[in-house]
Protein chains: 2
Amino acid sequence: MTSHTSTGRKLNFSAGPAVLPECVLEQAAVAVQDLDDTGMSVLEHSHRGAAIDRVFEEATADCRAVGAIPEEFEILFLQGGASMQFAMTPLNFLASGGVADYLDTGSWTSKAIDDARKIGEVHVAWSGREQAYRSIPNPQDICWSSDPSYGWYCTNNTIYGTTWETAPICKAPLIADMSSDIFSRPIDWDRHGMVIAGAQKNIGPAGVTLAILRRDLLDAANPDLPAMLRYAIHAEKGSRYNTPPVFAVYCAGLVFKWILSIGGLQAVESMNRRKSAVIYNAIDSSNGFYTGHADKACRSMMNIPFTTPSAELDTAFLNEAETESMCNLKGHRSVGGIRASIYNAFPEEGCQRLAEFMADFADRHGG
Amino acid sequence: MTSHTSTGRKLNFSAGPAVLPECVLEQAAVAVQDLDDTGMSVLEHSHRGAAIDRVFEEATADCRAVGAIPEEFEILFLQGGASMQFAMTPLNFLASGGVADYLDTGSWTSKAIDDARKIGEVHVAWSGREQAYRSIPNPQDICWSSDPSYGWYCTNNTIYGTTWETAPICKAPLIADMSSDIFSRPIDWDRHGMVIAGAQKNIGPAGVTLAILRRDLLDAANPDLPAMLRYAIHAEKGSRYNTPPVFAVYCAGLVFKWILSIGGLQAVESMNRRKSAVIYNAIDSSNGFYTGHADKACRSMMNIPFTTPSAELDTAFLNEAETESMCNLKGHRSVGGIRASIYNAFPEEGCQRLAEFMADFADRHGG
């Protein structure tokens with residue numbers, strides 16, 4: 001077992017910001033010095049100039065191609081992460097009255113609920129809080145209100161390692177926070193009115209946020225907001241109402257091209273199923289040495305939180321893994337233990353390395 | 001006259017995003033591949049890890065050193081540009097009632113006024129709109145309201161090329177939009193309650209926004225806002241309430257170190273006075289061939305808009321300059337003509353090159 005990958009890079013299991021494809025990093029480093037032989041860095045170009053026009057046009061077109069995003073959806077590149085969307089969505093779609101329905105499957109949906117309550121009326125249509133957020137609701141257990149302005153859920157719960165196998169069905173526009181699993185598999189656009197996602201897990205570096213929404217929703221949105229808080233302004237101005245985060249959009253565009261180059265979302269989903277199965281198999285074949293946090297029916301392909309038999313062994317596991325150049329495996333404080341985040345760009349070889357290490361560690365520590 | 005700088009880089013007169021120091025671009029390009037030999041890109045590191053702790057600690061400390069920012073001011077790295085601040089300041093300081101006073105010296109103050117009016121009552125204490133924003137008010141011409149919640153002004157007006165030689169005196173907390181001239185000269189902190197600035201002119205790449213505010217203002221701010229819109233949350237969480245724009249903060253930190261390395265803001269101001277004087281001299285010694293937009297008493301060191309005797313000659317000027325690798329000199333559509341933006345990182349040699357070109361062009365076209 002070598003202590004490094006073939007290129008000397010560490011195995012980065014970070015929950016986000018997270019590993020990016022090496023070809024993206026190489027191109028980005030070149031562009032920081034000189035974008036496409038223009039004699040200027042991508043950091044220095046005017047966001048109104050031809051070079052950055054091309055960056056935005058390509059990033060938008062490639063995003064649409066990757067996600068098979070229908071033409072009636074607008075693709076916006078915003079700032080502030082998913083957390084800013086926790087404010088913007090109710091400001092745009094709830095401020096004028098009504099009720100918004102939220103499905104509470106973890107910390108991030110809880111924060112979205114807290115923010116929405118500052119703006120208008122919220123109905124929690126399901127909550128997994130009492131069960132330590134180990135599961136995702138069955139459709140019949142969701143208690144939608146009679147006429148919600150929108151429904152909100154989170155497709156993948158980074159901390160708890162749970163995911164929705166299929167999107168819920170909501171008669172109002174359904175908004176999905178896909179920050180931690182966007183473009184890890186195809187998206188069912190028929191069930192969604194809007195998808196939002198911070199970039200820093202599957203799309204690119206931190207600093208840009210995708211908001212993809214049906215154009216008809218823009219007409220119904222609150223017009224009495226400051227400009228930057230209105231989706232309609234960003235749509236009208238092609239995500240360049242003011243100076244956008246050019247470099248982050250440029251990198252996201254490179255990631256979209258990388259996804260297309262490896263076969264698109266069908267290929268990515270197959271890869272992610274293989275990658276996560278390697279680690280889940282290491283848990284399930286450990287004779288109870290390792291315990292996964294999430295119920296088996298809703299296991300995430302992106303984040304795998306698990307524990308050893310004791311907190312002491314968790315710590316030993318993390319320390320030994322670190323010496324093997326497997327980094328950022330510490331679990332979130334609210335769950336503890338170990339968490340392997342294995343987003344799209346995380347190498348398949350790294351999952352095998354971790355699984356081997358898990359088996360070896362369990363052998364040595366009484367598994 | 002060579003067509004390139006010594007390193008093959010174009011002379012970038014962009015109003016922003018704008019030229020960055022070459023040493024910053026070189027270090028940033030290395031960090032995009034591997035940050036400080038950590039085996040991970042600066043784009044891949046967790047924002048909660050030790051490497052990014054250090055990035056934020058150094059950027060904050062160096063920012064404080066550069067600006068001689070007193071300890072009672074909090075330094076925040078936010079997102080959304082100055083335009084998001086147009087919303088956040090009234091949401092925090094005006095939503096609970098009161099009147100905010102705005103000094104309208106250009107397009108950006110007008111936008112700030114429009115946004116504030118969505119939140120609360122605004123009093124325009126001076127406006128240069130009728131005079132095509134050529135000037136900055138004399139102190140006795142400002143008509144403050146009796147008890148404003150805050151005063152708002154813009155230190156440097158990018159489009160019109162005007163600047164405040166000294167900050168106005170306001171009995172309420174004074175908020176300065178310094179997006180286009182922050183750290184071009186020392187700041188009089190005694191007169192300010194808050195300074196905000198998008199990074200993409202003097203601080204770094206687009207994607208991060210500085211907000212520097214007196215801590216006592218946080219206590220008076222509206223607590224009933226979604227988290228991301230509250231200054232107090234960002235202050236409490238050290239600008240990392242959620243995932244911050246790590247790379248943009250990293251680059252800003254490199255720029256702060258560059259400013260310190262060349263002698264700090266006194267040296268920078270001297271340099272900027274020399275640089276702008278070269279171009280203003282070219283205008284003033286042209287026997288009326290060139291006309292500056294701004295009144296002489298309030299000329300900006302950062303942005304110099306001017307015209308030739310005709311729109312046709314303006315176009316010829318821009319085309320010829322482009323062939324000499326002097327780029328992005330086109331004036332903003334609301335003023336027309338030519339605009340030379342010469343921020344901190346714009347090379348002194350480039351100002352001389354432009355001045356020589358201006359003299360030559362005027363000679364050839366009847367100046």
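Keep in mind the model is a prediction, meaning the values are calculated, not measured. Here is the naming used below: chain letters follow the sequence lines, and residue numbers restart at 1 for every chain.
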Side chain to side chain, A:Pro226 and B:Phe86, heavy atoms closer than 4.5 Å: no
Chain B contact via A:His45 - side chain, backbone, both or neither, heavy atoms under 4.5 Å: backbone
Report all side-chain donor-acceptor pairs from residues 338-346 of chain A shorter than 3.5 Å, counting only partners two or more places apart or in another chain.
| from | atom 1 | to | atom 2 | distance (Å) |
| --- | --- | --- | --- | --- |
| A:Arg339 | NH1 | A:Thr158 | O | 2.9 |
| A:Ser341 | OG | A:Asn303 | ND2 | 2.9 |
| A:Tyr343 | OH | A:Ala15 | O | 2.6 |
| A:Tyr343 | OH | A:Asn303 | ND2 | 2.9 |
| A:Asn344 | OD1 | A:Asn272 | ND2 | 2.9 |
| A:Asn344 | ND2 | A:Phe183 | O | 2.8 |

Answer whether the closest heavy-atom distance between the side chains of A:Pro17 and B:Leu43 falls below 4.5 Å. no
Determine yes or no for a side-chain-to-main-chain donor-acceptor pair under 3.5 angstrom, with A:Asn12 supplying the side chain and B:Met40 the backbone. no
Which atoms of B:Leu91 come close to chain A, meaning under 4.5 Å heavy atom to heavy atom: side chain ones, backbone ones, both, or neither? side chain
Given that the side chain runs from C-beta out, which part of A:Ile52 has a heavy atom under 4.5 Å from chain B: side chain, backbone, both or neither? neither
Evaluate the criterion side-chain contact (heavy atoms from CB on, under 4.5 Å) for residue pair A:His47 and B:Gln200; output intermediate values, then yes/no. CA-CA 10 Å; A:His47 60 297; B:Gln200 65 272 6; over 6 Å; no
Pick from A:Lys111, A:Arg48, A:Gln79: which one has the most heavy-atom pairs with chain B under 4.5 Å? A:Gln79
Supply the atom-to-atom distance B:Asp224 CG to A:Ile119 CD1, rounded to the nearest 0.5 angstrom. 10.0 Å
Working to the nearest 0.5 Å, report the span between OG of B:Ser46 and CG of A:Asn328. 6.0 Å
Between A:Ser14, A:Ala29, A:Pro245, A:Ala248, which has the largest tally of heavy atom pairs under 4.5 Å with chain B? A:Ala29
Option in B:Gly81, B:Gly80, B:Gly39 with maximal non-hydrogen atom pairs under 4.5 Å from chain A: B:Gly80
With the side chain counted from C-beta on, respond yes when B:Glu26 and A:Val32 share a heavy-atom pair under 4.5 Å apart, and no when they do not. no
Which bit of A:Pro244 is near chain B, if near means a heavy-atom gap under 4.5 Å: side chain, backbone, both or neither? backbone
Side chain to side chain, A:Met228 and B:Gln85, heavy atoms closer than 4.5 Å: no
Look at B:Lys10 together with A:Glu44 and state whether they make a salt bridge at an N to O cut-off of under 4.0 Å. no
Under 4.5 Å heavy-atom distance to chain A, tell me which part of B:Leu78 shows up: side chain, backbone, both or neither. neither
Report yes if the side chains of A:Leu229 and B:Leu229 come closer than 4.5 Å at any heavy-atom pair, otherwise no. yes
Does atom CH2 of A:Trp258 have more than 12 heavy-atom neighbours, drawn from other residues, nucleotides or ligands, at distances under 6.0 Å? yes
The interface call for B:Leu20 against chain A, heavy-atom contacts under 4.5 Å, is both
Tell me whether A:Asp115 contacts the main-chain N or O of B:Ala227 through its side chain, where contact means a donor paired with an acceptor under 3.5 Å. yes
